[in-house]
Amino acid sequence: MHDVVRDVAIHVASEGKHKFMVNHNMLSGEFPRRDSYEQYSHMSIAANRFDERPRPISCPRLELLMIKLVGNPFKLQDDFFDGMRELSVISLRGGYLGNTMLPFPSSIQRLSNVRTLCLVKLSPSDMSIIGELVTLEILSIRLCYLEELPVEIGNLANLIMLDFGNIGELTRISPGVLSRLVRLEELHVVGVEDCSYSTLRELESLSRLTALTLHKCSLDVIYSNLGLSSKLTRGKGSKNVVVELQNVKDLRLADCDSLNIHCRNNILFTKLERLKVSRCDHLRHLFCVSLAFPCDEEEGISHEEEGISRRTHIRPDVINFPNLYRLELDTLAGFIHFSRDTVEGIEFSLLREMHFQRIPEFQNFWPRANNAITDSNPLFNEKVSCPNLEVLCICAANSISALCSHQLPTAYFSKLVTLEVRGCGILRNLMPPSVARGLLNLRTLLIDDCQSMEEVITEEEQRGGEIVCNEPLFPLLEKLELDNLRKLGHFILMKGALEFPFLIEVMILECPEMDTFIQQGTVSTLNLESVNDDDELKVVDLNKAIFNSKISCPSLEKLSVNAANNITALCSHQLPIAYFSKLKELTVNGCGKLRNLMSPSVARGLLNIRELRIKHCPVMEEMITEKEQEGEEIMTNETVFPRLEKLNLSNLPKLGHFILTNGALEFPFLIEVNIRSCPKMKTFIHQGTVSTLNVGSVNNDDVLKVVDLNKAMFNSKVFDWSRASEYERELLFPDACGKAVEGWISRRMATYGRGHGTRETVE
């Protein structure tokens, strides 16, 4: 399919005003030959090598040229670019790291319209010629062996983006290069071992710089209201220098051996919109809030020569990020606090997304008086402001003991749309009800691998009392996933009812202690004998089911329950018929105490179910229970699962039948049926209560006919055999009809003869 789409795209691109030539033959050893190249505006060529250096070709309309050579070396004629006067984009890529390119074609300097040059996996012996491309706006040099970024690149006064990623060990940026790139807006640097303070100071003259990425750079970096600061702490002559980056909007730091950031006057870059710090293993704090540089003074570094006061007073003010909309902290093994110093608060006025991943030691934004992780030390409290937060993702943060303070105002997370909490090992609950009631826009809630979590919404708001809630919780919730929560017993303890009018998907996976969604009151099955009130008894019954009359989700389309061994009932018998009317997919797997799936009244309401999978439920005896009216068999003339397309019953050792009914069932859209490892299943529909043991005492012919039907898996109550072919009859259920399949294979072998393959081939 990939080749078909590619060929169609090439065909479409080869017609019209712009004509493309695409030739990717990795076995080729020559430049693709054509009678003429004059009609092409774009060329993309990939080959193993060019045995002979391609000679100049006439391409007067060519605007883009991409060449990739896997073999070594990468060779082009010195006058190769002659005849390509309209060329504006050039991409040259080697197949191996540092693929040699000797020499760099001098004809490139005669291209007066080139705007973009990309070099990947090449090591030209002389890069100075690039300085002649004064019209260049984008320069990308990736995975190349270069000892130094050539000083001639400073001649590119029109350069807007510089992307420099080296794989050598001693790469340097020549002094004076960056300061001359006055139009530079984006700078991405990877693998600069010696990024000196003087080099970084050149950035302060770049008033248009809005995006900065430093990756695998050996430096210490300091933020302030003036911008970015670097301090070189190796050897003698250590200095501090402020680098003004007042217009930076996107800043990314990765794999920096030593990183130390200071906030001065409590305001970080006024235009900073995105900040990402990743893979800085030794980073413990992101910011130091002070008027001087206390971190340096701790290291014995004097600032008197710099004219900076030795005053180390920490201002108890609020740190402000006025325009930051995305914050990412990823893979910071030693990271503890966002700020090293205690502050009055942090304001993220416009923050939309917060992603904290793989920060196992992280506790909260700044140190508190009770800083031990065993104390309740919530990450979000009334002093952390993020009123516009829409996405919050916290992953592998095993030192966060509490997510939300009970003192948070109800509207704190009013704009939150997505909340994901994964791998927080000591988190016992998610939030109090007062905060939960304020999540009026939450669409996705995912909690995964929190081994200590006992409930999602905690009842500790009133210290031992139940939650009385007349307001909706998560009224716009669409997806709920609870996964690998070993201690989770229930979602919430409350007396009221919950409605999720827009909930579409629910996944309850690997929650072995969970037996109900809403824990109703404190009445348990141990004291049923002492309860005389019928309503109270009804509450106790409801507590045994995950879904009962106290929880409503009328829009639910997908439900998955896996490895929930404490669940004794999926659905209450008191549920209205239309409870699951929109459900399309139902999967139940590994529920060790579940004896049946649902009552007939609930089953009749599943008018849109398409896929039904029941697996690994060792005590399940039937899908649709006959105990809706105690002791009575199911009498129904209504359709059950009228739109069912796929049915999978697997590893159900006690399952005897699908349903007990006197009526007939029709599945007009059923396409696929899979019944595996159900050793006690003899029939799909169990007709009546008459068994073969008392046939002798029965005189009614109709009843005898019912008994005969019960001996077949599929009978006239399920499937019209008169319309089935021999192939369908023999292969509809391979596990249930093993002998029929065996006979079919034998007959096919006899028909085709030995010349048409072995038995394994036919199978």
Side-chain angles (χ1 to χ4, degrees), residues 482-483 505-512 514-517 544-547 556-573 575 579-628 634 639-661 665 667 669-686 713-714 718-719 732-736:
L482 306 175
D483 190 358
E505 181 178 354
V506 173
M507 300 178 69
I508 301 175
L509 314 174
E510 305 285 344
C511 299
M514 187 174 184
D515 55 4
T516 184
F517 195 84
K544 295 180 180 180
I546 286 287
F547 293 93
L556 191 63
E557 297 182 2
K558 182 177 180 180
L559 173 61
S560 299
V561 181
N562 180 46
N565 284 319
N566 215 30
I567 293 177
T568 58
L570 184 68
C571 308
S572 168
H573 290 179
L575 288 182
Y579 190 89
F580 286 125
S581 62
K582 294 185 179 181
L583 193 65
K584 296 180 180 179
E585 184 176 336
L586 174 59
T587 301
V588 178
N589 184 17
C591 296
K593 295 183 180 180
L594 204 59
R595 297 184 62 186
N596 55 67
L597 194 63
M598 61 185 67
S599 65
S601 61
V602 176
R604 284 193 291 271
L606 272 70
L607 301 178
N608 288 290
I609 190 79
R610 263 76 164 178
E611 298 184 24
L612 177 59
R613 307 181 189 91
I614 314 297
K615 303 179 180 180
H616 299 283
C617 297
V619 300
M620 184 167 287
E621 299 174 355
E622 56 190 350
M623 294 293 105
I624 312 300
T625 176
E626 70 269 24
K627 296 181 180 179
E628 184 172 46
I634 299 168
T639 303
V640 178
F641 310 147
R643 301 188 67 84
L644 189 65
E645 298 176 358
K646 295 182 180 181
L647 175 64
N648 189 328
L649 306 177
S650 177
N651 290 283
L652 307 173
K654 290 190 176 182
L655 185 69
H657 53 269
F658 189 81
I659 188 173
L660 172 65
T661 179
L665 290 182
F667 302 96
F669 296 99
L670 191 60
I671 298 173
E672 179 181 334
V673 177
N674 191 342
I675 300 178
R676 297 178 181 272
S677 300
C678 301
K680 291 189 176 182
M681 189 172 184
K682 298 178 180 180
T683 181
F684 195 79
I685 296 179
H686 190 61
M713 174 70 74
F714 290 92
V718 182
F719 185 82
L732 185 60
F733 279 97
D735 288 330

Checklist entry - What is the minimum heavy-atom distance between M514 and I567, and which atoms define it? => result O-CG1, 3.3 Å

Checklist entry - With a 4.5 Å heavy-atom cut-off, do V506 and F517 have their side chains touching? => result no

Checklist outcome for this item: When every non-hydrogen atom of R610 is compared with those of L644, the smallest separation belongs to O-CD1, 3.5 Å

Next on the checklist: So does S581 get a backbone contact from the side chain of N608, meaning a donor-acceptor N/O pair under 3.5 Å?
Outcome noted: yes

Checklist entry - What is the ring orientation for F667 with F658, classed by angle as parallel under 30°, tilted 30 to 60°, or perpendicular over 60°? => result perpendicular

Item to check | Minimal non-hydrogen separation, E505 against L556, with atom names | outcome: N-CD1, 3.9 Å

Item to check | T516 (side chain) donor-acceptor with A545 (main chain) under 3.5 angstrom | outcome: yes

Item to check | L575 vs M598, side-chain contact (heavy atoms from CB on, under 4.5 Å): CA-CA, chis, key distance, verdict | outcome: CA-CA 10 Å; L575 288 182; M598 61 185 67; over 6 Å; no

Checklist outcome for this item: CG of L509 to CG of N589, rounded to nearest 0.5 Å, is 9.5 Å

Checklist entry - Partners of F641 by ring pair (Phe, Tyr, Trp, His ring centres under 6.0 Å), sequence neighbours excluded? => result none

Checklist outcome for this item: Contacts of T587 meeting side-chain contact (heavy atoms from CB on, under 4.5 Å) (sequence neighbours excluded), chain-then-number -> S560, E585, R613

Item to check | Option among L586, I609, I546 that satisfies the side chain to side chain contact (heavy atoms under 4.5 Å, CB included) test with L559 | outcome: L586

Checklist entry - Which pair of heavy atoms, one from L597 and one from L570, lies closest together, and at what distance? => result O-CB, 3.7 Å

Item to check | Passing candidate, side chain to side chain contact (heavy atoms under 4.5 Å, CB included) with L649, options I614, V673, L612 | outcome: I614

Checklist outcome for this item: Closest heavy-atom pair, V588 versus L594, reported as atoms and distance to 0.1 Å, is CG1-CD2, 3.7 Å

Item to check | Under 3.5 Å side-chain donor-acceptor pair for N565 and K593 | outcome: no

Item to check | Heavy-atom check, side chain of R676 versus side chain of N651, under 4.5 Å | outcome: no

Next on the checklist: If I compare all heavy atoms of L670 with all of K646, which pair ends up nearest, and what's the gap?
Outcome noted: CD1-N, 4.0 Å

Item to check | Any side-chain heavy-atom pair of L655 and M623 under 4.5 Å | outcome: yes

Checklist entry - With a 4.5 Å heavy-atom cut-off, do L652 and M681 have their side chains touching? => result no

Checklist entry - Would N648 and K615 count as a side-chain contact (heavy atoms from CB on, under 4.5 Å) if you check the C-alpha gap in whole Å, the side-chain angles of each, and the deciding distance to 0.1 Å? => result CA-CA 8 Å; N648 189 328; K615 303 179 180 180; 3.7 Å; yes

